[in-house]
Amino acid sequence: MLPWSAELAGELHERTLTSELLRGNPLGDPHERPLWVYTPPGYDEDPERRYPAVYVIQGYTGHLGMWRNRSPYTQPFPELADQVFARGQAPPTIVVYADAWTAYGGSQFVDSVGTGKYHSYLCDEVVGYVDEQFRTLAQPAHRAISGKSSGGFGAMITPMLRPDLFGALATHAGDALYEYCYLPEFAQVARALRGYDGDIQTWWSDFGSRPAFSKPEDGMLLGTLGCSACFTPADDGTPQLPFDSRSGEPIPRLWQKWLDWDPVRMAPRYAEALRGLRGIWIDAGMSDDYYLDLGAVAFRDALGRAGIDDDAVHFELFEGTHANINYRYPMALTWLAERIAA
């Protein structure tokens, strides 16, 4: 395995999408966004052929350029995805890499007055652009979405909210069962905020004045601030913590708004949409740092109660934590490509 980039058998098209939905967003983030679209080997040889598409979204603090990051003895996912199709391991498929970065590190792929209309951007602008510019099979049965962590959360909720667009999903350690993946951290955040007079905005100002992540509490506070902007913004967009910043005690009215976005709790409300999906891939490491293995089990159980056929679900817990599970991505991609093939 070479420690530098390899030539792809397919082609990665790097585009810029001008988003009207993100123009003037609350955080002043760019409304012109990078968009990568991979076309598989043979795409240019048959101009009449159309292809299914898998949309890939990232975890919190992920941005598009990070797909090129290289670690020792591993390959970036775009290269691994290319190998899937170059080796004939799955039907040829278009792979779309979408960006949803914000100043707070992420958008959770929802529409919010605290961050912007990232759900609508993904569904209405990105999908529309890809269908217009590339030869896709533009029906939900031939369109899937995949992601890890916050991206796994986005992959779970997007087909529930938009079954008219997405017909399959894959979630790797996606955010679910919020009383375990979020609630335990609130106490730690409250302790960390003692150094900022209990004010997360004071921390945010401090964070922007020095090298990023130079204090041990930075990652935890950033995630809490960002998710609060997504799930519990005030009418003016100001993030509202779902707990008392001095004691860590949950504020029932605000905490309930977070719980309303828990995929485990959403599943019963969107059972009909879930029953219409062609495939649902769920996996997580058995030692996940945020207990998302438990969230995976709970989401799988919720699917069962909602009447989703066992044949439509791939569920797996594997040896691992929340980190270094990129090798799982091409497995899910292969499975999804087979499920949504023409």
- Checking side-chain hydrogen bond (donor to acceptor under 3.5 Å, both in side chains) for the pair D283/H172: CA distance, chi angles, key distance, verdict? CA-CA 5 Å; D283 70 9; H172 305 283; 2.8 Å; yes
- Task: Look at the side-chain heavy atoms of Ile, Leu, Val, Met, Phe, Trp and Tyr, link any pair under 4.5 Å apart, and say whether L161 and I57 land in one connected group.
- Result: yes
- Task: Could you verify whether a donor N or O on one side chain and an acceptor N or O on the other, from T39 and H13, lie under 3.5 Å apart?
- Result: yes
- Item | Pairing residues for P92 by the side-chain contact (heavy atoms from CB on, under 4.5 Å) criterion, not counting sequence neighbours | P40, R49, Y51
- Check step by step if ring pair (Phe, Tyr, Trp, His ring centres under 6.0 Å) holds for Y118 and F109. CA-CA 5 Å; Y118 285 89; F109 309 95; 8.3 Å; no
- Query: With Y327, which residues qualify under ring pair (Phe, Tyr, Trp, His ring centres under 6.0 Å), at least two apart?
  - Reply: none
- Can you find a heavy atom in the side chain of I94 that is under 4.5 Å from one in the side chain of T136? yes
- Task: Considering only NZ, NE, NH1 and NH2 on the basic side and carboxylate oxygens on the acidic side, decide whether E20 and R23 come within less than 4.0 Å.
- Result: yes
- Taking only residues two or more places apart in sequence or in another chain, which ones pass ring pair (Phe, Tyr, Trp, His ring centres under 6.0 Å) with Y55? F166
- Message: Once ring pair (Phe, Tyr, Trp, His ring centres under 6.0 Å) is applied, do any residues pair with Y178, and if so which ones, sequence neighbours excluded?
- Response: Y182
- Just wondering, do W36 and L64 contact through their side chains at under 4.5 Å, heavy atoms? yes
- Would you call S112 and T115 a side-chain contact if the rule is heavy atoms closer than 4.5 Å? yes
- Query: Do you see a donor-acceptor pair shorter than 3.5 Å between the side chains of Q89 and Q83?
  - Reply: no
- Task: State, yes or no, whether a side-chain contact exists between W261 and Q108 at a heavy-atom distance under 4.5 Å.
- Result: no
- Query: Apart from Y290 itself, what residues make up its hydrophobic cluster when side-chain heavy atoms of I, L, V, M, F, W and Y under 4.5 Å apart count as a link, directly or indirectly?
  - Reply: L292
- Item | Test ring pair (Phe, Tyr, Trp, His ring centres under 6.0 Å) applied to Y291 - qualifying residues, sequence neighbours left out | none
- Between Y129 and R15, is there a cation-pi geometry (under 6.0 Å to ring centre, at most 45° from the normal)? no
